[in-house]
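Structure first, then comments.
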2 protein chains.
Amino acid sequence: MLLDTPKIAPQDCGDCPIRHRAVCARCDTDELLKLEEIKYYRSFEAGQTVVWADDRMDFVASVVSGVATLTQAMEDGRTQMVGLLLPSDFVGRPGRQGAAYDIVATTDLVMCCFRKKPFEQMMEQTPHVAQRLLQMTLDELDAAREWMLVLGRKTAREKIASLLAIVARRDASLNMVPAAGSLAFDLPLTREAMADYLGLTLETVSRQVSALKRDGVITLQGKRHIVVPDFDRLLEEAGDDNDGGMLS
Amino acid sequence: MLLDTPKIAPQDCGDCPIRHRAVCARCDTDELLKLEEIKYYRSFEAGQTVVWADDRMDFVASVVSGVATLTQAMEDGRTQMVGLLLPSDFVGRPGRQGAAYDIVATTDLVMCCFRKKPFEQMMEQTPHVAQRLLQMTLDELDAAREWMLVLGRKTAREKIASLLAIVARRDASLNMVPAAGSLAFDLPLTREAMADYLGLTLETVSRQVSALKRDGVITLQGKRHIVVPDFDRLLEEAGDDNDGGMLS
DNA sequence: AAACGCGATTGATCTGCGTCAAGGCGGGGT
DNA sequence: ACCCCGCCTTGACGCAGATCAATCGCGTTT
């Protein structure tokens with residue numbers, strides 16, 4: 001099951017994407033004023049860790065620009081990325097103490113943060129905010145489950161194509177162009193990060209990217225800039241049916 | 001990150017586990033009376049499909065007894081289980097139209113259902129219900145992400161051990177015995193269903209179960225009844241640290 | 001410009017798991 | 001009692017992807 005991200009640009013509604021993506025579909029209500037009071041911005045450099053798993057995390061936040069990853073680790077060092085945070089994505093666990101995963105900035109990153117306590121209080125007083133968060137969490141759950149299919153059943157080539165399709169779609173959505181036909185975007189992940197997301201090794205990722213290039217599914221400009229001449233072709237390679245969009 | 005299921009038995013609070021697990025931590029409030037009016041029970045036989053992916057699903061529900069699975073399929077027939085519904089688990093997507101996945105009963109199954117429309121109305125009027133659902137959805141999200149690590153990075157043997165540990169823990173929780181030391185339980189899944197959950201083939205599952213038996217990690221009575229002489233040993237085999245419980 | 005470092009690519013080889021195939025076991029129907 | 005049918009087990013073999021290792025490209029430092 002595939003979901004489309006809303007076709008709303010951050011600036012439609014002020015400078016903070018949390019206004020519509022995370023919290024409030026009605027941008028002229030009083031809650032936003034309350035939010036303004038507890039809002040602050042934080043910047044991170046590429047490679048910086050935002051929070052470590054199980055550390056206290058006393059804020060919830062929305063990604064303004066840049067990319068971050070949620071990663072789990074086993075004691076022996078094996079790691080699995082469990083989430084990719086792109087601009088307008090929300091992160092945080094209202095009602096929970098610690099962070100569940102390492103959050104790491106993979107590019108320079110700006111987040112719009114809200115202090116958690118007052119945010120939770122606001123949530124209690126304004127039912128539609130809790131409901132909005134529930135909807136968002138259901139979206140995340142769908143995305144996680146979609147990814148379980150990728151991890152459990154797809155081949156390396158299909159995994160790469162799936163990841164490219166997701167990033168391409170999100171990028172198109174942010175720039176408000178239709179996710180179809182020809183697309184171009186910058187891949188905000190190293191080969192190693194891609195491998196971590198896909199349950200592969202970085203060598204396999206590299207080989208399969210080369211293979212997709214050789215077969216004309218994508219072309220590369222430099223290491224990171226991807227051109228997708230035919231989006232449907234990419235979806236086919238990903239093993240998806242092409243009747244919908246996929247969320248994060 | 002591992003989570004413990006609440007140590008509350010369904011019967012503490014009436015015959016319907018939704019009362020505390022899904023909806024209401026305060027069992028004496030008015031909302032329960034409203035719930036009674038829209039509540040009904042449904043039974044399914046082992047193998048029956050509860051709903052197909054993308055079908056309308058006009059109820060939310062809680063599992064009273066038996067086991068069901070949430071499964072995704074690719075067009076070519078590959079399938080991946082994305083969720084396992086055990087007694088007291090909640091299923092449903094308030095605010096959403098269709099089911100996201102096939103829901104199939106793997107044993108005889110009884111569900112406590114609530115008509116969705118009135119349930120959603122009740123949710124809107126009673127903020128703490130929406131918040132409870134948010135917490136539950138966050139739990140599910142954690143479980144899904146935990147499973148992403150299993151699917152992406154664990155070996156076949158570790159996958160089997162992880163699955164056994166989850167079922168053992170849930171079973172212990174339902175029977176209100178501590179999940180430690182020696183445990184025994186019935187595995188409510190066929191080898192094929194296990195394979196579907198773990199991203200393996202049924203042959204590999206069979207081989208690894210045999211290997212765990214040979215190595216004394218578990219003993220079998222019949223095909224399905226599992227005895228775990230040392231739960232910590234099992235966790236070790238699963239590659240988990242043993243400092244917490246894992247949810248579903 | 002030379003030296004360095006980091007990410008990416010590519011090759012050679014190994015191996016865990018998938019695939020294909022042949023029984024085994026146990027319960028239910030005739 | 002017999003057979004049948006679902007479910008499970010076990011073996012032989014092949015392959016996709018992991019592992020180990022060498023090299024490249026390119027931006028940054030000295």
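Chain A is the first sequence line, chain B the second, and so forth, proteins listed ahead of strands; every chain is numbered from 1.
Side-chain contact check for A:Thr71 and A:Asp102: no donor-acceptor pair (N or O, by modelled atom type) lies under 3.5 Å. B:Tyr101 and A:Asp142 share a donor-acceptor pair across their side chains, judged by distance under 3.5 Å alone. A side-chain donor from one of A:Lys154 and A:Ser162 sits under 3.5 Å from a side-chain acceptor of the other.
Among the heavy atoms of the strands lying under 4.0 Å from A:Gly199 are primed sugar atoms or P, OP1, OP2 only; no base atom is included. A:Arg224 comes within 4.0 angstrom of sugar-phosphate atoms only, judged by non-hydrogen atoms across all strands, and of no base.
Looking at A:Leu164 and A:Glu237, their side chains never come closer than 4.5 Å, going by heavy atoms from C-beta outward. Two residues are said to be in side-chain contact when any heavy atoms from C-beta on lie closer than 4.5 Å; A:Val205 and A:Ile160 meet this criterion.
Regarding A:Ile226, its CD1 atom lies at a distance of 13 Å from the C1' atom of C:dA8, rounded to whole Å. Atom pair A:Arg191:CZ and C:dT9:C1' shows a separation of 9 Å (rounding to whole Å applied). To the nearest angstrom, P of C:dG16 lies 13 Å from CZ of A:Arg78. Rounded to an integer number of Å, the gap from B:Glu158 CD to C:dG16 P is 12 Å. Between A:Gln221 atom CD and D:dG25 atom C1' the separation is 17 Å, expressed in whole Å. Spacing between atom CG of A:Asp196 and atom P of C:dG7 amounts to 13 Å, rounded to whole angstrom units. Taking atom CG on B:Leu198 and atom C1' on C:dG16, their separation rounds to 15 Å, with Å as the unit. Protein atom NE2 of B:His225 is 16 Å distant from nucleotide atom P of D:dC8, rounded to whole Å.
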Sort me out a list of protein N/O and nucleotides 24-28 of chain C N/O pairs below 3.5 Å, or just none if empty.
none

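Within a heavy-atom distance below 4.0 Å of DNA chain C, the residues of residues 200-208 of chain A found are A:Leu202, A:Glu203, A:Ser206, A:Arg207.
Contact between the side-chain N/O atoms of B:Ser210 and the OP1/OP2 oxygens of D:dT10 is found at a separation under 4.0 Å.
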- Task: Check the pair A:Arg145 / A:Glu140 against salt bridge (charged side-chain N to carboxylate O under 4.0 Å, His left out), numbers first and verdict last.
- Result: CA-CA 9 Å; A:Arg145 286 174 163 167; A:Glu140 277 192 90; over 6 Å; no
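At a threshold of 4.0 Å, the pair A:Asp139-B:Arg93 does not count as salt-bridged, since none of the basic side-chain nitrogens sits closer than that to a carboxylate oxygen.
Judged by the 6.0 Å distance and 45° axis criteria, A:Arg42 is positioned over the aromatic ring of A:Phe59.
Residue A:Ser43 is tested with A:Val110, A:Val64, A:Asp108 for a side chain to side chain contact (heavy atoms under 4.5 Å, CB included); the sole match is A:Val110.
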